[in-house]
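Input: a single structure, listed below in structure tokens.
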Amino acid sequence: MTIVTVELGARTYPVVIEAGLLTRAGDHLLPLAKGRRIVVVADESVRPHLEMLAAALPGCGTVVLPPGESSKSWAMLERLCDALLERGVERGDLVVALGGGVIGDLVGFACAILKRGCRFAQVPTTLLAQVDASVGGKTAINARAGKNLIGAFKQPEIVLIDPEVLDTLPPRELAAGYAEVFKYGLIDDAAFFGWCEANGAALLGGDADAREYAITHAVAAKARIVAADEYETLGIRALLNLGHTFGHALEAEAGFSQRLIHGEAVAAGCALAFAFSAEQGLCPREDAERVAAHFRAVGLPDGLTAAGIDAPAERLVEHMRHDKKMDAGTLPFLLAHGIGRTYLDRSVDLGAVEAFLARAR
């Protein structure tokens, strides 16, 4: 068992990582609940995991929702809040989010607003959720104008990560989650980037040791960054958005559908961020090419064409104008001086981005 602590003062919580943890979740959640009601919220795609978790939590309630990005909506938020209220959930009870990033975001947001705040825990079942969405307290739903535009910061009480649940994950979902693992090497850890180049294929192929190492390393990296800048006001936590400004525009163009899932968009977005940095003379071109080559090697998109996006550049930039990071009419970008040397640039000309995207088509 490995425990990574997210140090946030009174909101500090542990992230517990252990193979087989799902069947032993009661050892952590029952003491945390202190005899209060526990309600587990999951989506249809994780019913076998729900059965295992419910067996470890005798007497818990359950709510099952439809899977997919479309569940991050006003309608599903209302449905979930009504379901929790119907089950008599009180502020001191414990709501458990079981599933991928969609369920974690939706349940976290519901718990942030229901009765002005209810306690919740995260039990992520996808690689993407384990290394990114479940840690850090960002919760949100999507709006017509873009992704994650309506939300709140709501830290969980605990995060339980069982790497064994990844054995049931479809290969495409596993690869999409790997994009968020690889991202930590690009941000500020060139040595971890090298580890990913050497071990990424083994991780995706089912190597249990590689998976547990990568998850632990990624969670520790995110915990460190979140602890330094919980509410993303200092420009530190913004580094975690590498690939997301380009990526969210691609997702919006794809209609937030299975045509392009989040991790794939992040992969393409990271490759585009490095390619743009190289084109602007900020980053060695060989670093940008190395990043793109690794994405291709593990079956992830390395740009617009590979992501299946053929939209006019001006339309992609228009999607960017709705990004939640827009500030006083400018959009900060995560760019790079090289692998492991990502930085926040508040002076990027969207006209230059549009011209770059036109060439990238």
Side-chain angles (χ1 to χ4, degrees), residues 146-148 176 178-180 182-190 193 196-197 232 235-254 260 262-298 300-361:
K147 189 177 174 71
N148 296 333
Y178 177 70
E180 293 282 9
F182 188 58
K183 178 189 72 176
Y184 292 102
L186 299 179
I187 291 171
D188 63 357
D189 193 344
F193 175 94
C196 287
E197 285 185 310
E232 202 171 304
I236 300 171
R237 183 166 181 168
L239 294 173
L240 295 170
N241 294 322
L242 176 63
H244 286 62
T245 300
F246 284 106
H248 283 171
L250 304 187
E251 281 187 277
E253 182 60 29
L260 183 70
H262 179 66
E264 293 168 340
V266 169
C270 285
L272 288 168
F274 268 78
F276 179 72
S277 297
E279 186 179 273
Q280 297 296 304
L282 302 168
C283 165
R285 193 166 296 277
E286 54 267 30
D287 280 15
E289 292 171 351
R290 189 176 164 194
V291 171
H294 185 60
F295 282 133
R296 289 194 299 272
V298 296
L300 285 164
D302 65 343
L304 295 180
T305 301
I309 301 297
D310 189 31
E314 58 267 25
R315 193 157 76 216
L316 295 176
V317 170
E318 188 58 32
H319 290 312
M320 292 179 182
R321 295 185 194 279
H322 293 290
D323 193 292
K324 61 184 179 298
K325 297 182 292 296
M326 282 290 289
D327 184 22
T330 63
L331 180 59
F333 274 78
L334 272 300
L335 301 179
H337 291 306
I339 292 170
R341 300 170 60 202
T342 295
Y343 74 101
L344 184 66
D345 193 324
R346 301 182 185 276
S347 62
V348 175
D349 176 12
L350 284 178
V353 174
E354 183 174 323
F356 162 74
L357 289 171
R359 289 188 291 274
R361 292 180 67 202

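Note that these values count all heavy atoms, side chains included, but never hydrogens, waters or copies made by symmetry.
- Between Ala313 and Ala358, the closest heavy-atom pair is CB-N, 3.5 Å.
- To the nearest 0.5 angstrom, Ser277 atom OG is 10.5 Å from Leu272 atom CG.
- Contact between Gly185 and Ile339 at its shortest, heavy atoms only, is O-CG2, 4.4 Å.
- A distance of 9.0 Å separates CG of Leu186 from NE2 of His294, quoted to the nearest 0.5 Å.
- Closest heavy-atom contact between Ala265 and Leu260: CB-CD2, 3.9 Å.
- Scanning both residues, Gly263 and Ala179, for their nearest heavy atoms gives O-CB, 3.2 Å.
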Applying side chain to side chain contact (heavy atoms under 4.5 Å, CB included), run through Met320 and Phe246 and close with a yes or a no. CA-CA 7 Å; Met320 292 179 182; Phe246 284 106; 3.5 Å; yes
Please lay out, stage by stage, how Val348 and Phe276 fare under the test side chain to side chain contact (heavy atoms under 4.5 Å, CB included). CA-CA 11 Å; Val348 175; Phe276 179 72; 4.1 Å; yes
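- For residues 241-253, the set of pairs meeting the salt bridge (charged side-chain N to carboxylate O under 4.0 Å, His left out) definition, not counting sequence neighbours, comprises Lys147-Glu251, Glu253-Arg315.
- Although no hydrogens or angles enter the test, the distance criterion places no donor-acceptor pair under 3.5 Å between the side chain of His319 and the main chain of Val317.
- The two residues His244 and Leu242 make their nearest non-hydrogen contact at ND1-O, 3.0 Å.
- Of the options Glu232, Lys325, His248, a side-chain hydrogen bond (donor to acceptor under 3.5 Å, both in side chains) to Asn241 is made by Glu232 and by none of the others.
- Here the closest non-hydrogen pair linking Cys283 and Phe274 is SG-CD2, 3.9 Å.
- Residues that satisfy the salt bridge (Lys or Arg N to Asp or Glu O under 4.0 Å) test with Arg321, not counting sequence neighbours, are Glu318.
- For Asp189, the salt bridge (Lys or Arg N to Asp or Glu O under 4.0 Å) test picks out no residue, with sequence neighbours left out.
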Evaluate side chain to side chain contact (heavy atoms under 4.5 Å, CB included) for Tyr178 paired with Cys196, printing each intermediate quantity in order. CA-CA 9 Å; Tyr178 177 70; Cys196 287; 3.2 Å; yes
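- Atoms CZ and CG, on Arg290 and Asp287 in that order, are 7.0 Å from each other to the nearest 0.5 Å.
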Please output the side-chain donor-acceptor pairs of residues 303-312 that fall under 3.5 Å, not counting sequence neighbours, one pair per line with the distance.
residue: Asp310; atom: OD1; partner: Arg361; partner atom: NE; Å: 3.4
residue: Asp310; atom: OD1; partner: Arg361; partner atom: NH2; Å: 3.1

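- Listed by chain and number, the residues in a salt bridge (Lys or Arg N to Asp or Glu O under 4.0 Å) with Glu314 amount to none (sequence neighbours excluded).
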Under the side chain to side chain contact (heavy atoms under 4.5 Å, CB included) criterion, do Phe182 and Val298 qualify, and how do the steps go? CA-CA 11 Å; Phe182 188 58; Val298 296; over 6 Å; no
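- Checking side-chain atoms of Thr245 against main-chain N and O of Phe333 turns up no donor-acceptor pair under 3.5 Å.
- Atom CG of residue Leu331 and atom CG of residue Asp345 lie 10.5 Å apart, to the nearest 0.5 angstrom.
- Within the structure, side-chain hydrogen bond (donor to acceptor under 3.5 Å, both in side chains) contacts touching residues 330-342 (residues at least two apart or in different chains) do not occur.
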